[in-house]
Amino acid sequence: MPGGPELTFTMSAPEDFLRFKCDVHPWMTGYIGVLDHPFFAVTGDGGAFRLEKLPAGQYLIEAWHEKYGTQQQTVTVTNDETETISFEFASQP
Ligand SMILES: [Cu+2]
């Protein structure tokens, strides 16, 4: 791994986003979420995300942003249909 040692961590339980940072360079920061299911996504350049192969059912979808916090929406998924939801985060004045 260029620039530093490779570190290994083992999480034994789900965790909300954990912040990892460099003690030397304040801009070097990352977040790790540990989930107990495979249904998650990271937004692309345009802010879109897609959760593939959700079984039919009702779900609470949570969106998280490192500066603007968390939002939740409930969505009902049926077999073979695509549902669309949207989250909007606004900066505080
Ligand atoms: Cu650094």
Side-chain angles (χ1 to χ4, degrees):
M1 170 178 269
E6 182 174 323
L7 304 174
T8 300
F9 299 91
T10 301
M11 307 298 178
S12 59
E15 294 276 355
D16 284 340
F17 289 96
L18 302 171
R19 182 173 183 254
F20 286 76
K21 68 175 192 65
C22 175
D23 289 337
V24 176
H25 308 105
W27 64 89
M28 295 174 70
T29 302
Y31 294 88
I32 297 174
V34 181
L35 306 173
D36 59 359
H37 59 80
F39 305 110
F40 64 93
V42 176
T43 55
D45 289 342
F49 67 97
R50 187 174 187 92
L51 299 173
E52 300 281 353
K53 300 179 180 175
L54 273 174
Q58 189 174 54
Y59 296 92
L60 180 64
I61 306 295
E62 184 172 275
W64 174 85
H65 186 279
E66 65 182 287
K67 291 183 180 173
Y68 304 128
T70 301
Q71 294 182 20
Q72 296 178 332
Q73 287 186 36
T74 301
V75 64
T76 301
V77 175
T78 56
N79 287 327
D80 301 324
E81 291 188 23
T82 299
E83 299 293 329
T84 301
I85 61 172
S86 179
F87 295 95
E88 288 189 31
F89 289 90
S91 62
Q92 301 299 315

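Whatever order the structure lists them in is the order used to number ligands and atoms, beginning at 1. These numbers come from the heavy atoms of this one structure, side chains and all, not from hydrogens, waters or symmetry mates.
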Inset, instruction - Quick one: sort the W27 and H25 rings into parallel, tilted or perpendicular, breaks at 30° and 60°. - result: tilted
Legend entry - Heavy atoms of other groups near E88 CD, more than 12 under 6.0 Å: no
Inset, instruction - Using the ring-ring contact (aromatic ring centres under 6.0 Å, His included) rule, pick out the option among Y31, F40, F89 that qualifies with W64. - result: Y31
Indicate every side-chain donor-acceptor pair of residues 43-61 with a distance under 3.5 Å to a residue at least two apart or in another chain.
{"from": "R50", "atom 1": "NE", "to": "E52", "atom 2": "OE2", "distance (Å)": "2.9"}
{"from": "Y59", "atom 1": "OH", "to": "P55", "atom 2": "O", "distance (Å)": "2.6"}

Legend entry - Atoms of type N/O/S from protein, distance to the Cu ion (ligand 1) below 2.8 Å: 3
Legend entry - Separation of E62 CD from Q71 CD (nearest 0.5 Å): 10.0 Å
Inset, instruction - Would you mind reporting whether D36 and P14 have side-chain heavy atoms less than 4.5 Å apart? - result: yes
